[in-house]
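Below is one structure, written out as structure tokens; the observations come after it.
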Amino acid sequence: MSEPWPVQLCVMLQCFKRLQQQPACRRTLSALGSLYGARKPYNTVIDVTWGDIHRAGVKPLSFVRQVLAACLDPTLLNSDKLPADARQRAQRLLGGCVGGSVGSYTATAGISEIVHRISEFITRRDGGVPSHPENIYISPGSQWALTNILKILVNSKSAPQTAVLTPLPCHSTTTLSITSLGAVAIPYNLSEEQGWALQMEELHRALEFAKGVYNPVALYVINPGNPSGHVQSRKSMQDVIRFVSEKRLFLLADEVYQDFVYGEHEFVSYKRVLAEMGPPFADTVELASFHSVSKGFTGEGGLRCGYVELVNVDPAVMKYIYKMFSMDTCAPVLGQFALDLMLNPPQPGDPSYPLYNVETRNIKTAVANNVKRACEVVNGLPGFCCQPVQGGAFAFPRLYLPPKAIQKAKEMGMQPDTFYCLRLLEETGVFASPGCEYGLKEGTYNVRFCILTPEDTMEELLGRLTSFHTQFMKDFS
Amino acid sequence: MTENGVSPRAKVLTIDTMNPTVKKVEYAVRGPIVQRAVELERELSEGMKKPFAEVIKANIGDAHAMGQQPITFFRQVLALCSYPELLNDSTFPEDAKSRARRILQSCGGNSMGSYSASQGIDSVRQDVARYIERRDGGVPCDPDNIYLTTGASDGIVTMLKLLVCGEGETRTGVMISIPQYPLYSAALAELGAVQINYYLNEEKCWSLDISELQRALDEARRHCNPRALCIINPGNPTGQVQSRECIEDVIRFAAKERLFLMADEVYQDNVYADGCHFHSFKKVLFEMGPEYSNTVELASFHSTSKCYMGECGFRGGYMEIINMDSEVKAQLTKLVSVRLCPPVPGQALMDLVVNPPQPGEPSYDNFIKERTATLNVLAEKAKLTEQVLNTVQGISCNPVQGAMYSFPCITIPEKAIKEATDNGQQPDMFYCMKMLEETGICLVPGSGFGQRDGTYHFRMTILPPTDKLKILLKKVKEFHQKFTEQYS
């Protein structure tokens, strides 16, 4: 190797600090990991910084990809290489495209038949609670839709400054969106000791803090949580709804991980809880709920597609929401198709059902096992403690670092959990994210890693993590 | 008051509490006339009787919607990327398979469903850089300056966001041509930036006069801080293709006045008129020597939505950033991360656009045949449109040198202008709405793009298939004559 190791590392660290673990930096670190792979006792980097099931090694669902292939190359509609139901579905989807091509723009809110089927899905999911297609917008990813809604909510010129209450910890994309629009993110602490539960006292405290200094307009919740893995109870959700109603806040519910819920836990949507609370809440609380094709078993993050459903939004404002979405023209058509396939998968009796069922069951089983194993292993290590992963794509264990490690990190000018993760990457090729990226209470350190990998990858990861962690704690004792 | 005497809860988000700048946003291409067209389509499908059998949407630059066929090779590669089992299928050509394998290797988990880096897949950015170098006769391109985007619009809006700051008199001003593609005015309104209009010269085939740029700039300096100059070449809606001299003049102007240049070049392959050529701003800039090429800050934009591909639904695009301050570039990189990443199929498609079949490869002949046919047909339709519209008394159409639209000037009788104004409508909106209701033809009124006071236009795409286009043009002619008579 021609480059002196310490110099390169310093560059990476500066990059890391300044960009706060933006994907550009992830890539750099990933490159670092693989570049030095030859010298290491590992030859692959296990990148679990993304909530990306395909990157983690899980194969795309065959049915979804068969349908998309036939939509891209319609000569395949007549090919026996693809099952009949996939071809029929492709035909039907192409019928909703102007000119029968995935290359055409669609209506602003998405292909109308797909938007209708989304509203039907929502009604089915929510035990019959009605959903209206005109309140649904398909977008290039759920974060894109969230940004559009924030653009309506946030007045960057207002004094006092517009504020949005956000959980701490919270994935950084949303907080970056909020600040880049000229608003401020006011954190409310999730309680790690209570499995990262949302505490009403914390919401009250955060709001009190905000009032007078800022103009709080919205409350952002993530359920199931990212990075926390917490799944909210119905009661907790009702409390939140009462809170936003009383305190006059717009509720932004990020529900993209709704298909990943483990053990005894169940996902119930904010829309459903709201509807079941009846008037006055059901008719008045303003809610935007977000879903995505990026998560779930489909995991097609690269196709960039999600949707927002708006509830109780002022009809006069809806006109402007339309305008905001129209500037983007439309969501990518393949993404819209994948979304439709996710919400309307093969049914028993369909030729593709057996394979679809096997593939999704395998993913479900693997992930459930990963959750179990990750918690077992991590909780078995001294100085490491993982709250139960109730849902979502990540484990987010707490690190109890020895003072010497904390000291060393400070000397190197970085957060202790960053230091831990960098060492973990260099020495084992496991690439996880430091908790400081998500915002943590002062003096606490965590690590986030994706649990949506194949089972053997998780075992490999846990093996490497165990030997690294044991050594690390010894070295800094 | 409700039944139990409680006041109904006022909404948190109302017209009064919402972001005031959003209220100023108008995007004519998807505005009220299109919404009415969609309604009419619905009414027709429900069996309502209309004076027309179908709605013809000549409002949006969507080639596939109007029957243009995709490039076979591109779709084959994308199908292979989507379902790699097809790599074992002998009906797909080898060159498509090797492109697909290469693309998949550059994707996380070998899947187009993985997120990519926010700036775009590395190997695609490198391929884009090499394409730009070839296009520009060897002028070097650094892949690090390439950002893949969700359509060109995403790149444009991101750059404007980066440029706009300040308050009151120091508020950023952005120069934009009149007429312009209304994404620019919408984005500037949303950002609360100052829109500085410079008028293109309709008498001289929509050309750009430096004196007009100067006039607009000097005027604007009195009340804002002009920082950027946007130019669309080939033009939308006007279709003009700027001469090399003009591009040099614009670069000199931007250098002298210290303006960031934004060159929207998404129609770069759509050049039809004899004697017209596309000259990229980047190439001209570098050929003007280091005095300019080392200093002028430029962003140029391209897309998979136009040219011969017409793949709007993929939302593919890129921007090349020249001479941007490195700290600002770091902020740009951070800003694009909010989008997570551009759609991967769009990135893959862009890779194919910049890396098409080469001579000797199995798919080459067919690719050239399809591309040539598509561009030739567009050229024919451009000419046809100009010719027919110019036979109509009261319609005057500049040559459609490039892009996908005609933007003729229409004479609207005084009576009609009055009726429109009485109804609170722009006269050309009034005209276009009437045309829609009577003929089913959906166009976009010139007021949506900007025009000189007292002049009226409409934008009509040249995209419908030739036989349909002929019918369309005939109906437009008939409507105009009828309308003129009715309001004389």
Side-chain angles (χ1 to χ4, degrees), chain A residues 19 22-24 27 50 52 54-57 60 65-66 68-69 72-73 76 81 98-99 101-106 108 140-141 143-144 147 151-155 173 176-177 180 217 248-250 280 284 286 299-304 313-314 316-317 320 323-324 326-327 329 332-335, chain B residues 9 11-15 18-20 22-23 25 27 30 38 60 62 64-67 70 75-76 78-79 82-83 86 89 107-109 111-119 150-151 153 183 186-187 190 192 310-315 330 333-335 337-346:
Chain A
L19 294 179
Q22 296 307 329
R27 176 176 44 94
W50 305 74
D52 183 338
H54 295 185
R55 177 178 290 269
R65 293 311 191 81
Q66 288 163 347
L68 294 181
L72 283 160
D73 183 356
L76 292 169
K81 290 285 169 21
V98 193
S101 167
V102 298
S104 298
Y105 288 121
T106 73
T108 294
Q143 285 291 317
W144 195 299
T147 303
K151 282 182 182 177
I152 308 278
L153 281 164
V154 173
N155 179 356
T173 312
L176 186 57
S177 290
S180 76
V217 298
R248 298 181 47 68
L249 296 168
F250 195 105
T284 57
E286 290 144 87
E300 299 280 6
L303 299 188
R304 311 310 302 117
V313 172
D314 188 326
V317 175
Y320 294 103
K323 280 197 182 164
M324 291 310 302
S326 76
M327 280 171 66
T329 55
V333 177
L334 289 182
Chain B
R9 180 177 178 268
K11 301 248 182 226
V12 172
L13 182 58
T14 66
I15 294 290
M18 68 176 273
N19 183 354
V22 173
K23 286 193 250 187
V25 169
Y27 181 59
R30 289 188 168 230
V38 170
I60 190 163
D62 185 344
H64 290 200
M66 288 287 125
R75 292 304 191 85
Q76 286 173 332
L78 291 166
S82 176
Y83 188 54
L86 295 169
D89 184 337
C107 295
S111 164
M112 288 205 299
S114 283
Y115 293 114
S116 76
S118 301
Q119 203 171 333
T150 306
S153 300
L183 171 71
E190 190 223 311
E311 299 277 17
C312 312
F314 280 80
R315 317 306 297 115
T333 306
K334 193 158 115 180
L335 193 56
S337 74
V338 164
R339 297 293 193 216
L340 288 155
C341 72
V344 175

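Throughout, protein chains are lettered first and strands after them, A, B, ... in sequence-line order, and every chain is numbered starting at 1. Heavy-atom basis, side chains included; hydrogens, waters and symmetry copies ignored.
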Below 4.5 Å from any heavy atom of chain B, which atoms of [X] appear? Answer side chain, backbone, both or neither.
X      : value
A:M324 : side chain
A:V102 : both
A:S177 : both
A:P60  : side chain
A:Q143 : side chain
A:T329 : both
A:L76  : side chain

Of the non-hydrogen atoms in [X] and [Y], which two are nearest, and what is the gap between them?
X      : Y      : value
A:G103 : B:H64  : CA-ND1, 3.6 Å
B:L335 : A:S180 : CD1-CB, 4.1 Å
A:K323 : B:V25  : CD-O, 2.9 Å
A:L176 : B:S337 : CD2-OG, 3.4 Å
A:V217 : B:V12  : O-CG1, 3.9 Å
A:I152 : B:V22  : CD1-CG1, 3.8 Å

B:F314 side chain reached by A:L334 side chain, heavy atoms, under 4.5 Å: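 Yes - at least one pair of side-chain heavy atoms lies under 4.5 Å apart.
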Hey, does B:T150 have a side-chain heavy atom less than 4.5 Å from the side chain of A:R304? no
Got a donor-acceptor contact below 3.5 angstrom from the A:E286 side chain to the B:L13 backbone?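 At least one qualifying donor-acceptor pair exists.
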For A:K151, does its backbone N or O pair with a side-chain atom of B:N19 as donor and acceptor, under 3.5 Å? yes
Residue selection (most heavy-atom pairs with chain B, distance under 4.5 Å) from A:S326, A:P280, A:G335: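 Top count of heavy-atom pairs under 4.5 Å with chain B: A:S326.
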Looking at A:A69, A:G57, A:S104, which has the largest count of heavy-atom pairs under 4.5 Å with chain B?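 Greatest number of close heavy-atom pairs with chain B: A:S104.
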Pick whichever of [options] has the most heavy-atom pairs under 4.5 Å with chain A.
options                : value
B:E311, B:M18, B:R315  : B:R315
B:G346, B:P345, B:G67  : B:P345
B:G108, B:S82, B:G109  : B:S82
B:S153, B:C312, B:C107 : B:C312
B:A79, B:S114, B:G151  : B:S114
B:E190, B:R30, B:K23   : B:R30

side-chain contact (heavy atoms from CB on, under 4.5 Å) evaluation trace for B:I15 with A:Y320: CA-CA 9 Å; B:I15 294 290; A:Y320 294 103; 3.5 Å; yes
Option among A:H54, A:R55, A:E300 that satisfies the side-chain hydrogen bond (donor to acceptor under 3.5 Å, both in side chains) test with B:S111: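 Option passing the side-chain hydrogen bond (donor to acceptor under 3.5 Å, both in side chains) with B:S111: A:H54.
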Given salt bridge (Lys or Arg N to Asp or Glu O under 4.0 Å), test A:D314 with B:K11 step by step and report yes or no. CA-CA 7 Å; A:D314 188 326; B:K11 301 248 182 226; over 6 Å; no
